[in-house]
Structures are given as C-alpha cells and as structure tokens.
Number of protein chains: 2
Amino acid sequence: MRYHRIPAETVRRLPVYLNALLLSLQQGKSISSSELSAIVGINPLQIRKDFSYFGGFGTRGVGYNIEKLIKKIKKILKLDSHHQAVLVGAGNLGSAVLAYPGFAAYGFQIAAAYDSDPAKIGKTINNITIEDAENIINLKKKNIKIGIIAVPRQQSQAIAQSLVNAGVTGILNFSPCRLAVPKRVKVITINIATDLARLPFYMPADKKIGFALNKRA
Amino acid sequence: MRYHRIPAETVRRLPVYLNALLLSLQQGKSISSSELSAIVGINPLQIRKDFSYFGGFGTRGVGYNIEKLIKKIKKILKLDSHHQAVLVGAGNLGSAVLAYPGFAAYGFQIAAAYDSDPAKIGKTINNITIEDAENIINLKKKNIKIGIIAVPRQQSQAIAQSLVNAGVTGILNFSPCRLAVPKRVKVITINIATDLARLPFYMPADKKIGFALNKRA
DNA sequence: AATACTTTGTGAATACATTCACAAAGTATA
DNA sequence: TATACTTTGTGAATGTATTCACAAAGTATT
Ligand SMILES: NC(=O)c1ccc[n+]([C@@H]2O[C@H](COP(=O)([O-])OP(=O)(O)OC[C@H]3O[C@@H](n4cnc5c(N)ncnc54)[C@H](O)[C@@H]3O)[C@@H](O)[C@H]2O)c1
Ligand SMILES: NC(=O)c1ccc[n+]([C@@H]2O[C@H](COP(=O)([O-])OP(=O)(O)OC[C@H]3O[C@@H](n4cnc5c(N)ncnc54)[C@H](O)[C@@H]3O)[C@@H](O)[C@H]2O)c1
C-alpha cells in the first residue's frame, strides 16, 4: 500500500467515485467499473487503473464490493476520521457554504464561523453563531485543522495568515487570488470566475446565417 | 495562430493570468513573466510557454505589454465579446452567484434567473427578477448561450435538458453530478464538496505527542 | 468438467504537460 | 559601438497521465 505515488489526477477523481458510490449503496452489493463509469462519466479503464494504485480488490467477473470500496477510498483520502472546519467570511457565498448539508457525507462539519462585520457577528446560521474574526486563535486545541475562506480578495491573505497561526493546515479558498502559506499547509482554491471564463473557449462559434445564405446563392 | 492545439492546461491558466493582468493595469505598462509569476504562483517558464502557443508577442529584455496581452488572452478565450448567461436555482448558492459583481470583468452578465419555488418567483436580487423555471425557452433569440445550474442534484439533469433545448451551448454546473448533454455543449462542473474532500489527503498527519515523549524517555 | 463469457489488473505504448538548455533580441551603460 | 545584462522564445528532454493489449481470475451455462 504505497500511499505516496498516487497521481494527483487520481486523487482528484477519488472523491468523485466516493460521491457516486455513496449514492449506489442502496442499489446493490457490488458495482463494476463500467457501471461506475456510467454514473461519473470517466472511462472504466481509468477507474480500474486508479483503484489499482492502492492495490486491486475487485473480484474479476463481478466488480467491486461497494462498502469495501467506500472504506478503502475514505482511508486513502483520510476521510475515515471526522474533520472539523471553520468558515471565515459569512457573506453571500460563505452563508451558502454554512447552510449546505452535503459536506457531512464526507465526514466534514463546520464547527465555527467568523466575520468582521459587527452587523453579522452574533447572528446564527444553521446552528452556528458567527463570531468576531479577531477570535481566530488556537483552533488546534479544538482539533480544527481546516479553514474555509470566503472573504473579499483583499482580506484573504491576512485571514490565511491568522488561520495558519491558529493551527490550520488545510485551506479551501474561494477568493480569486494566490495565498502565500508555509509548505506544510495545503491550499485548494476554487475560482468560480475563472472556471466560467474558460467556458466560451469550448463553445461552438455562432453560425452566421447570412453567410450560409450567400453560399447558397 | 493555431487556436486549436492550445493545451487544456494552458486554457485553464489563461483566465488566471487575465485576472492578474487586469489588476496589474494600474501598476504599469508592461509586465515580465517573473513579475506575473509572483502574483499567480505559476513558474515563469510555464507562463512564457503558455503565451508562446498563440505566438510570441513580448519584447525581450522588457516583458509583455499588459493591455496588448489582455486583448490577446481575451480573444483566445472568446471573451472579447460580451456574454449573457442565465442562472437556474436561486437558492443559497445561486443567490450568491447572482449577487457577485466579479463576473463583469470577464464580460459576463447574468441576464435572467429562474426557480421553481413559488415563494421565490417574482423576488428581485441584484436587479434581476426571478422567473418561473417553466419559462426557460428560446434563450437563443435573446442571444443567451450560457446557463448556470444551482439546483439540487436530482433536478440538474432535467434543467440541463431544458437549457440545451432553449439553445444553451455552455453550462457551469454546481451540482455534484454528471450532466448528459450533446457533444457540442460544454459543461464545466464545480464540485465544492469533492474539492474539500481531497484536502485531508494533502494535510500532514497529526504528531502523536505521547509517542514523541515515549521516544524521549 | 469443459466452454463461453465477464470483468479486473498490469506492463508497455502512446499522448500530454512541464522543465531544461540555450539561442535570440531587446535594454542599459561605459 | 562595444559589453554586460535582462528577458523572451523554442526544440529537446524529461516527467506525468492515459490508453492499449492482453493475461488472469472469476461467474454462468451446457
Ligand atoms: N459569490 C460568488 O458567486 C463568488 C464568485 C467568485 C468568487 N467569489 C469570491 O468569494 C469571496 C466571497 O464572496 P461573497 O460573494 O460571499 O462576498 P461578500 O461580500 O458577500 O462576503 C464577504 C464577507 O466577508 C466578510 N469580511 C470582510 N473582511 C473580513 C475579515 N477581515 N475577516 C472576516 N470577515 C471579513 C464581510 O463582512 C462579508 O460578510 C470573495 O473573495 C469573492 O471574490 C465569490
Ligand atoms: N451551498 C453550497 O455550499 C454547495 C456546496 C456544494 C454543492 N452545492 C450544490 O449546489 C446546488 C445548489 O445548492 P444550494 O445550497 O444553493 O441549494 P438550495 O436548496 O439553497 O437551492 C436550490 C434552489 O433550486 C431551486 N429549485 C429546485 N428545483 C428546481 C427546478 N426544477 N427548477 C428551478 N429551480 C429549482 C430551489 O427552489 C432552490 O431555490 C446543489 O446541487 C448543491 O448540491 C452547494
């Protein structure tokens, strides 16, 4: 079981498989790579290769035991234990994240939320009372190692710094900017605007109807 | 100028460069690949290689003319014309997207929003009045070709179908599922939960203090 | 038990992406 | 104008990821 050496692209796909497998639990006991492929839209050969990186454990002629596979993927991704996270910035996006129930399936729980706006501090969303961002200290003692940043771009670096100082070693960042952090801290940035911005590149160009008519004439 | 042949990874980075360049416009007239690198956190060699795919246009010894570079990237990404989009699902996440002013910098404008909840239909967010999702028809006539999906997972496929029927050829999907669409339609899925789920994999394991003490003793 | 069929698993081949090494073309300075 | 310096640009080399071809190991059927 060589946990290192798992390709980054495989690590990116594993949670997608996990998501599909959790939904397939009711369907039956086992699932084949081609059935899984139909759900997630990833080539079955790729799926088998991905699983092979941490040791084959399907049964030939049948497929993969779903429960076993879920356990295995959770272990690889370190999702076999629960994770507490804090949210910083309870604005539009932050509130949506705070209200989302879907993180629990992966073992995540948002344990606290922070903002700097006095109008927001003290309010409660989804049973979490928003605290003053000044109080982001010693999260390690509460066993919190994940921070979610949803503050304006200009404030993100300072917040990242506070989180790291408080003991956070993993950050999910929604701000459209790079965060400078120590090497041991992992940052995953979700940049909604840049994802939207590459959509037109892949879209077909408009057909010029006038031109088509000209060709006909 | 071979617009095809641009690597997918380069297309992914171009909007990131664009974002940084728009912010650098005030700073000066030109920017070097290493200065840009400092902002975006991407190796300068990689940056130059990326730009070289659509023809070198920096000046050696100086760098790249920022305005010219912005124009060029916008053209490649087809962001030189404006794009109208519709949002479907004005819930927590959808409302955040609707309220976000940052898409305008890339030439995007949300022209309409839809929901199926009678309690939401008729409400106005950011000058957009939410319409009944039944009315997603003939968007092509209004020159709308981009749809943003922020409805619950179970409803996403049906909404995708409606959007495609209405003439949409590009979809930004926030639902944690695959969407089956015709080949000509491009889907980019942002799956916040799966991005969060691969964070623990990269985070350092806890140091067991007790064990460390034992070693000392 | 033999045969046909299904599905996993893997080394090798291919495709794709990044990095290297260095030439080319500019600026700045004496 | 020569020399030093800076920065871009690119073919080749290296590294990473995907796909191919096929063996291996199971199930189902006769
Ligand atoms: N909403 C979107 O669709 C969207 C899209 C792309 C990117 N983003 C990015 O996500 C981030 C959040 O966006 P949003 O739309 O929720 O913005 P928002 O303005 O609605 O929310 C930001 C929140 O952060 C709080 N805040 C500001 N400074 C703070 C500080 N120092 N400490 C703690 N809290 C602080 C504000 O009080 C506010 O509640 C931004 O960086 C934005 O660029 C959002
Ligand atoms: N909020 C998050 O942080 C988060 C994180 C990960 C994924 N997501 C995904 O994003 C999507 C939206 O999440 P959300 O938190 O905004 O959910 P939400 O429940 O707050 O909003 C969903 C909205 O869609 C509307 N809707 C339902 N069926 C519809 C239909 N047929 N046509 C039009 N509108 C319809 C609902 O009325 C509601 O307003 C979901 O698929 C969710 O899984 C959200």
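Letters go in sequence order (proteins before strands), and every chain restarts at 1.
The distance from atom CG of A:Leu69 to atom P of C:dT7 is 16 Å, rounded to the nearest whole Å. Atom CD1 in A:Ile42 sits about 11 Å away from atom P in D:dT19, given to the nearest Å. Straight-line distance from the CG atom of A:Asn43 to the P atom of D:dC20: 8 Å, rounded to whole Å. In this structure, the CD1 atom of A:Ile6 is 17 Å from the C1' atom of D:dT18, given to the nearest Å. One atom, CG of B:Leu14, and another, P of C:dA17, lie 13 Å apart when rounded to the nearest Å. Atom NZ in B:Lys72 sits about 15 Å away from atom C1' in D:dT8, given to the nearest Å. As a whole-Å value, the separation of A:Ile47 CD1 from D:dA17 C1' is 16 Å. Summarising the geometry, the separation between CZ on B:Phe54 and C1' on D:dT8 is reported as 14 Å, rounded to the nearest angstrom.
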Subject >> side-chain contact (heavy atoms from CB on, under 4.5 Å) between B:Leu25 and B:Ile70, intermediate numbers included >> reply: CA-CA 9 Å; B:Leu25 258 180; B:Ile70 288 175; 3.8 Å; yes

Subject >> Steps toward side-chain contact (heavy atoms from CB on, under 4.5 Å) verdict (A:Leu87, A:Val97) >> reply: CA-CA 8 Å; A:Leu87 173 84; A:Val97 168; 4.2 Å; yes

Subject >> Criterion side chain to side chain donor-acceptor pair (under 3.5 Å) on A:Ser33 and A:Arg48, from CA distance to verdict >> reply: CA-CA 7 Å; A:Ser33 60; A:Arg48 293 202 298 277; 3.0 Å; yes

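Residue B:Ser33 is in sugar-phosphate contact alone, with no base atom involved, counting any heavy-atom pair closer than 4.0 Å across all strands shown. Using a 4.0 Å heavy-atom distance criterion, A:Ser34 is classed as making no nucleic acid contact. B:Arg13 comes within 4.0 angstrom of the backbone, heavy atoms only, and of no base.
Base-pair partner of D:dA23: C:dT8 (Watson-Crick or G-U wobble, both distances under 3.5 Å).
The side-chain hydrogen bond (donor to acceptor under 3.5 Å, both in side chains) check on B:Asn143 picks up B:Lys145, with sequence neighbours excluded.
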Show each protein N/O and nucleotides 9-11 of chain C N/O combination with a separation under 3.5 Å, one pair to a line.
from: C:dG9; atom 1: OP1; to: A:Phe57; atom 2: N; distance (Å): 2.8
from: C:dG9; atom 1: OP1; to: A:Gly58; atom 2: N; distance (Å): 2.9
from: C:dG9; atom 1: OP2; to: A:Tyr64; atom 2: OH; distance (Å): 2.8
from: C:dG9; atom 1: O4'; to: A:Arg60; atom 2: NH2; distance (Å): 3.0
from: C:dG9; atom 1: N7; to: A:Arg48; atom 2: NE; distance (Å): 3.2
from: C:dG11; atom 1: O6; to: A:Lys49; atom 2: NZ; distance (Å): 3.3

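Side-chain contact check for A:Ile148 versus A:Phe174: some heavy-atom pair is nearer than 4.5 Å.
To the nearest 0.5 Å, atom CG of residue A:Leu77 and atom OH of residue B:Tyr202 are 9.0 Å apart.
When distances run from any side-chain atom of B:Glu9 to the nucleotides C:dA17, D:dA17, D:dT8, the shortest one goes to C:dA17. Checking D:dA17, C:dA17, D:dT19 against the side-chain heavy atoms of A:Ala8 singles out D:dA17 as nearest.
Taking the six-membered ring for Trp and thresholds of 30 and 60 degrees, A:Phe108 and A:Tyr106 have ring planes inclined between 30 and 60 degrees apart.
For the pair B:Ser32 and A:Val62, nearest-nucleotide mapping onto DNA chain D gives the more 5' position to B:Ser32. Between A:Gly63 and B:Gln46, the residue anchored closer to the 5' end of DNA chain C is A:Gly63, taking for each the nucleotide with the nearest heavy atom.
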